[in-house]
Amino acid sequence: MKNMGIVTNEFYIEYLELKKEIQELNVKLEAPKWFEKQGDSQEENKKTLDVKIERMKVVLEQLKLGGVTAEKLLWLSLGVDEHSAS
C-alpha cells in the first residue's frame with residue numbers, strides 16, 4: 001500500500017478487520033450450539049453479520065474507486081506486493 005493515499009490505506013485496514021469479523025461470525029452461525037453456551041445470540045450474530053456485510057460493500061467500493069483491483073486486494077491480503085508476484 002506504499003503508493004496509495006491515506007484514505008485508501010484506511011479502507012484497506014478496515015477491509016482486513018471486516019474480513020476477520022465476518023469470518024468469525026460465519027463460524028458462530030455454523031456452530032450455534034457451541035457458541036450459544038457462551039451466551040452468543042444467533043439472532044444478534046446474524047444482525048451483526050448483515051451490518052458487517054453492508055459495510056464491507058461500501059469499503060470494497062471505496063477501494064475500487066481508489067484504484068485497488070480485486071487482484072491487487074488479494075495479493076495485499078496475502079501480504080505480497082503485487083510486483084513481487086509478477
Side-chain angles (χ1 to χ4, degrees):
M1 301 290 297
K2 293 176 191 173
N3 299 326
M4 301 203 182
I6 293 170
V7 173
T8 302
N9 281 330
E10 290 174 5
F11 279 116
Y12 176 67
I13 291 167
E14 187 174 358
Y15 160 80
L16 291 176
E17 292 168 354
L18 284 168
K19 181 179 173 221
K20 180 181 177 197
E21 292 168 0
I22 289 170
Q23 288 171 333
E24 290 171 357
L25 285 165
N26 276 322
V27 168
K28 288 181 178 185
L29 290 168
E30 289 174 4
K33 297 261 186 221
W34 193 84
F35 289 100
E36 284 176 359
K37 292 176 185 174
Q38 294 183 341
D40 287 0
S41 162
Q42 288 300 93
E43 287 180 31
E44 283 301 313
N45 286 338
K46 178 65 177 138
K47 287 178 188 175
T48 303
L49 179 61
D50 291 343
V51 169
K52 302 274 183 197
I53 288 172
E54 289 304 312
R55 181 62 190 158
M56 180 65 93
K57 289 176 184 178
V58 171
V59 168
L60 289 172
E61 185 62 31
Q62 292 301 314
L63 286 169
K64 186 168 64 172
L65 291 173
V68 179
T69 63
E71 181 180 2
K72 184 180 234 177
L73 188 60
L74 175 63
W75 285 121
L76 289 170
S77 65
L78 293 172
V80 177
D81 181 11
E82 67 180 328
H83 299 292
S84 302
S86 301

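Positions are given from 1 along the sequence.
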> L29 and L18: same hydrophobic cluster, using ILVMFWY side-chain contacts below 4.5 Å?
Replying inline: yes
> Do N26 and Q23 get their side chains close enough for a donor-acceptor pair, meaning under 3.5 Å?
Replying inline: no
>> Within the 4.5 Å heavy-atom criterion, are K57 and I53 side-chain neighbours or not?
In response: yes
> Which pair of non-hydrogen atoms, one from L76 and one from Y12, has the smallest distance, and what is that distance?
Replying inline: O-OH, 2.7 Å
> What pair of heavy atoms forms the shortest contact from V68 to T8, and how long is it?
Replying inline: CG2-CG2, 3.7 Å
> Is it true that V80 and L74 fall in one hydrophobic cluster, defined by side-chain heavy atoms closer than 4.5 Å?
Replying inline: yes
> So if you build clusters from Ile, Leu, Val, Met, Phe, Trp, Tyr with side-chain heavy-atom gaps below 4.5 Å, do L60 and I13 land together?
Replying inline: no
> Is the shortest side-chain N to carboxylate O distance from K46 to E43 below 4.0 Å?
Replying inline: no
> Taking only residues at least two apart or on different chains, which pairs with a member in residues 61-70 satisfy salt bridge (Lys or Arg N to Asp or Glu O under 4.0 Å)?
Replying inline: E61-K64
> When rounded to the nearest 0.5 angstrom, what is the spacing between NZ in K52 and CG in N45?
Replying inline: 11.5 Å
> Taking only residues two or more places apart in sequence or in another chain, which ones pass salt bridge (charged side-chain N to carboxylate O under 4.0 Å, His left out) with E30?
Replying inline: none
>> Testing E17, E21, E14 one by one against R55 for a salt bridge (charged side-chain N to carboxylate O under 4.0 Å, His left out), which residue passes?
In response: E14
> Transitively linked via ILVMFWY side-chain contacts under 4.5 Å: L63 with L16?
Replying inline: yes
>> As an exercise, state the distance from CG of D50 to CG of L25, rounded to the nearest 0.5 Å.
In response: 10.0 Å
> Under the salt bridge (charged side-chain N to carboxylate O under 4.0 Å, His left out) test, which residues partner E10, sequence neighbours left out?
Replying inline: none
>> With a 4.5 Å cut-off on side-chain heavy atoms, are E54 and V51 touching?
In response: no
